[in-house]
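All ligand and atom numbering here is 1-based and tracks the order in the structure. Residue numbers start at 1 and run along the sequence shown.
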Amino acid sequence: MITETPLVIESLTDINQTQAQDSWNQILSGATRDVKTLLNQLDIPITELNERQQACLDFPMLVPQPFINKMEKGNASDPLLLQVLPQASELESAEGYINDPLAEKHSNLQKGLIHKYYSRVLVLLSTGCAVNCRYCFRRHFPYQENRIGKNDWQEILNYVAKDSSIEELILSGGDPLMLNDQQLEKFIKQAEEIPHLQRLRIHTRLPVVIPQRITNKLVNVLHSSRFDCIMVLHINHSKEIDDQLFNALSKLRAAGITLLNQAVLLRDINDTVDDQIDLSKSLFKAGVLPYYLHLLDKVSGAQHFDIEQDDALILHAQLLRSLSGYLVPKLVREEPGKGSKTPIS
Ligand code: SF4
């Protein structure tokens, strides 16, 4: 957003809020990493413990407390729990499901940079997330090899500066909001010096699992940037939007940040018409436009989440009949080597 007016935090309430919100990284360090602890906390009987623990060796479990607080106690089928709880089925191999479904390993030009779409580049600013979603298409991505430092930042920005067709920086990861506000501010300020860059897009799930991540400082940084700022949230179920997240999103909206959502269509989590209608309506109430509904990227270990494309099309047609057009996300799939997402129709 282009503005000269910083969003000034003045009242005592706001100052207290700033202090409270600074604790997001403490919440993150206290995130639950142990299957038994998670299930005990939710009063859910512990089953298949060995298999679940084995699945964690391949892709660790990580769930922050604010996300656990949104789960229903005693409900082993809770749609939020199923997104993060390791399953025995992750250990099975399935035909057509591979470690790098989008062939990203070979599309990197240089560390932390993926340039596969015209006019925009993807910058992997952070190699970590605040939650490990079991369906993640990057669950096998070699983040360690792609960890970037200050020199890499400069090289990424040098690359962008040389290509005037690039108008948009997409910060992804991992989750770019894993960087602290000072680091983000520094990166954004450096990027602002490149005249052909117009937009900054941040893809994040972090506020969904730790709403305290939307600090006043972060809101100020985005509000005062010369870029048009877009935040693409990753919310899969209406239960993920509680009062805390709703309030955090309100601040971003008040600061002029465009809010969009992309969800993944997931078996037993959000694969009914009612689930999707509730999600779209709740998003809109929170000032977020439903943008994309992704078919699952066929990553190994996540096959139990997949939905047949024909079933997804039937569901999407029902949404079109039930909702206003602006509440219906585009049904898409990502395909390796394609210059944009592939609409499913
Ligand atoms: S937040 Fe996004 S990148 Fe991180 S584990 Fe979840 S789906 Fe993957």
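Shortest contact from atom 8 (Fe) of ligand 1 to any protein heavy atom: Cys136 SG, 2.3 Å. With hydrogens left out, the protein atom closest to atom 1 (S) of ligand 1 is Arg205 CB, 3.7 Å, a heavy atom.
Counting backbone and side-chain atoms alike, Cys133 contributes an N/O/S atom closer than 2.8 Å to atom 6 (Fe) of ligand 1.
Between Leu315 and Gln276 the shortest side-chain heavy-atom distance falls below 4.5 Å.
Using a 30° and 60° split on the angle between ring planes, Phe187 and Trp153 fall in the perpendicular class, above 60°.
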Candidate pair Lys70 and Asp242, rule salt bridge (Lys or Arg N to Asp or Glu O under 4.0 Å), full reasoning: CA-CA 7 Å; Lys70 301 181 204 187; Asp242 62 357; 3.7 Å; yes
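Below 4.0 Å from some heavy atom of Cys129 lie the following atoms of ligand 1, by number and element: 1 (S), 3 (S), 4 (Fe), 5 (S).
Panel note: side chain Gln303, backbone Glu92; a donor-acceptor pair is recorded below 3.5 Å. The backbone N or O of Leu327 sits nowhere less than 3.5 Å from a side-chain atom of Ser324 that would complete a donor-acceptor pair.
The shortest separation from a heavy atom of His234 to ligand 1 is under 4.0 Å, placing the residue in contact. Between Val131 and ligand 1 there is a heavy-atom distance shorter than 4.0 Å.
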